[in-house]
Number of protein chains: 2
Amino acid sequence: MSDNAILLTAMAVTAAQEPAKVSAVDRLVEQIRDLLRDRALVIGDALPTERELGELFQASRNTVREALQILKAYGIVEVRPKIGAVLSDRHEDAVRKLFAFQNDISPASFLDVQGYRKIVEVGIGDHIILHASAGDLANLDLVNSRILQVEGVDDAAHCDFAFHEALVMLAGNRTLLTNYRLLQPVITHIMRVGKAKRPVQIDTHQTHSEIIAALKARDRVAYAYLISRHLEYGQQFVGSENIRSARNG
Amino acid sequence: MSDNAILLTAMAVTAAQEPAKVSAVDRLVEQIRDLLRDRALVIGDALPTERELGELFQASRNTVREALQILKAYGIVEVRPKIGAVLSDRHEDAVRKLFAFQNDISPASFLDVQGYRKIVEVGIGDHIILHASAGDLANLDLVNSRILQVEGVDDAAHCDFAFHEALVMLAGNRTLLTNYRLLQPVITHIMRVGKAKRPVQIDTHQTHSEIIAALKARDRVAYAYLISRHLEYGQQFVGSENIRSARNG
DNA sequence: ATCCTGAATCTTGGTCCAACAAAAAGAAGG
DNA sequence: CCTTCTTTTTGTTGGACCAAGATTCAGGAT
């Protein structure tokens with residue numbers, strides 16, 4: 001079976017579950033996507049104007065606009081008055097925003113997110129210890145030092161997240177990093193609540209330093225222990241009254 | 001600092017980065033979202049008609065439609081002709097679709113995704129061994145057995161994914177499961193390509209059985225070894241010519 | 001009288017057209 | 001180089017028509 005046959009099969013399946021109910025707007029979304037690919041446009045390039053798109057694909061300008069709203073929601077294009085629609089690189093932002101959409105943060109999900117982080121951040125230890133260079137670890141020190149220089153709960157939370165993000169980055173896996181970043185709004189919100197309850201950036205910096213030291217010593221047991229303890233630490237400060245909705249966090 | 005203060009701060013920040021450039025469509029999206037929350041609508045409930053929404057919020061019907069297209073892209077509502085817009089539970093589907101959007105699968109990303117799976121599926125071993133009941137593991141057997149009963153590359157890929165999904169499910173972490181499911185289109189596409197090249201469902205079933213056996217024996221070393229080898233196995237069958245776009249996979 | 005049925009009607013989303021306002025880019029003039 | 005004017009393009013509105021599905025209602029069967 002050739003790849004083309006596979007693709008045709010897949011297309012037939014998708015066609016079967018959407019039985020010819022294709023609206024003009026959906027068709028336009030596909031056509032515009034194809035246009036982007038065929039012209040090999042890059043980030044920042046401008047699309048044709050709404051009227052041109054309408055004439056090009058035989059659709060009304062309203063239909064074009066509805067299709068562009070969808071592409072905009074997907075972060076594929078950004079549309080500015082007079083400029084028109086330009087190809088955007090906000091795709092990941094859109095995914096993140098959508099992911100966090102309508103996500104109320106309950107104490108249960110707090111524990112859940114921390115559990116996720118424990119699985120991931122402990123799990124990457126072996127890979128970091130095996131593959132991280134001295135420069136990589138020095139960079140971790142740099143990121144960690146920033147937390148001492150900021151004022152305010154919000155900035156501290158972002159620095160804290162940046163450290164853990166840098167850690168995940170060292171795992172060298174793009175998919176993992178993308179997924180971890182999806183949780184950024186949720187994680188930073190959790191950090192904000194924790195730091196508001198008990199604002200001790202010094203402690204955070206110290207704990208991070210110990211984690212980095214374990215990595216420098218290539219001590220995977222110590223790393224696993226320290227990162228687990230670090231992630232479990234905040235749980236005692238989280239009660240049901242401390243977590244609220246994180247809309248647009 | 002109270003939680004309310006934190007929320008107000010967060011709102012001020014989001015407001016600051018969107019300096020009063022709120023379009024009528026964006027305003028409508030917010031207003032409709034508020035409407036959903038204020039009326040405490042549940043999945044399946046119908047919104048007012050487009051004309052009513054327009055009158056309610058002093059907007060043209062075209063503007064209402066553009067706002068609805070965004071909500072639809074977000075999976076918040078589903079709009080059926082004559083019925084109108086109804087509250088949808090397709091939010092996660094929308095996230096998944098958006099996540100897979102514009103994701104071409106190169107050999108590099110194939111390796112990346114398999115690397116992600118190795119980190120995750122190895123990492124959850126300890127938790128499964130500690131917490132999975134005999135019934136959980138028996139259920140794994142059940143899921144695994146289905147792969148012997150299906151015909152065709154597509155169904156086999158879905159059964160294969162279902163097994164690994166069940167595995168991740170046993171980790172007992174909702175966040176991890178959600179993130180893993182995000183990759184479903186990509187993973188099943190990879191599986192389809194592999195199985196098309198070399199369709200051996202018997203082998204897959206056998207390997208899965210060995211993995212289950214390791215879990216039943218509470219042997220974490222054997223589990224880690226078997227799952228790693230299982231995930232590395234397909235790499236030899238993947239050349240650059242075998243992987244294509246997984247759009248709408 | 002009650003219930004079923006089928007046609008007529010009414011509602012609603014899908015699409016299109018025309019128009020005007022606002023904003024921004026580009027041209028023209030100092 | 002700066003300012004002003006023109007033009008283009010998006011933002012928004014109102015209205016129109018169609019097709020499909022829901023509703024209503026009349027009429028016949030039981």
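Worth knowing before you read on, the calculation uses all heavy atoms, side chains too, and leaves out hydrogens, waters and symmetry mates. In what follows, every chain begins at residue 1, and chains take the letters A, B, ... in the order their sequences are listed.
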Fill in: Rounded interatomic separation in angstrom, taking CG from A:Leu28 and P from C:dC16
8 Å

Discussion item. I need the CG-C1' distance between B:Leu53 and C:dG13, as an integer number of Å.
Written reply: 12 Å

Item to complete: Take the protein atom CD of A:Glu55 and the nucleotide atom P of C:dT15, then report the distance between them rounded to whole Å.
Response: 20 Å

Worksheet item: Where the side chain of A:Val79 is concerned, which of C:dG14, C:dT12, D:dG11 is the nearest nucleotide?
Response: D:dG11

Discussion item. What is the distance, to the nearest angstrom, from the CD atom on A:Glu50 to the P atom on C:dC16?
Written reply: 14 Å

Discussion item. Side chains of B:Arg117 and B:Gln114: any donor to acceptor distance under 3.5 Å?
Written reply: yes

Worksheet item: When you check the gap from the basic side-chain N to the acidic O, do B:Arg65 and A:Glu66 get nearer than 4.0 Å?
Response: yes

Discussion item. Looking at A:Glu151, I'd like to know if its CD atom is crowded, meaning that more than 12 non-hydrogen atoms belonging to other residues, nucleotides or ligands lie closer than 6.0 Å.
Written reply: no

Practice prompt. Take the protein atom CZ of B:Arg65 and the nucleotide atom P of D:dT12, then report the distance between them rounded to whole Å.
Written response: 16 Å

Worksheet entry | Rounded interatomic separation in angstrom, taking CD from B:Gln69 and C1' from C:dT15 | 12 Å

Worksheet item: How many Å lie between CG on A:Leu68 and C1' on D:dT9, as a whole number?
Response: 13 Å

Discussion item. Walk along nucleotides 13-23 of chain D from 5' to 3' and tag each nucleotide B, S or - by protein heavy-atom contact under 4.0 Å, base first, then sugar-phosphate.
Written reply: BBBB----BS-

Worksheet item: With no hydrogens and no angle check, is any side-chain donor or acceptor of A:Glu52 less than 3.5 Å from a backbone partner on A:Thr49?
Response: yes

Worksheet item: Residues two or more places apart in sequence or in another chain: which of them pass side-chain hydrogen bond (donor to acceptor under 3.5 Å, both in side chains) with B:Arg27?
Response: B:Gln31

Worksheet item: Whole-Å distance between D:dG11 P and A:Arg80 CZ?
Response: 11 Å

Worksheet item: Step by step, would you call B:Lys72 with B:Glu78 a salt bridge (charged side-chain N to carboxylate O under 4.0 Å, His left out)?
Response: CA-CA 6 Å; B:Lys72 201 167 64 174; B:Glu78 232 165 328; over 6 Å; no

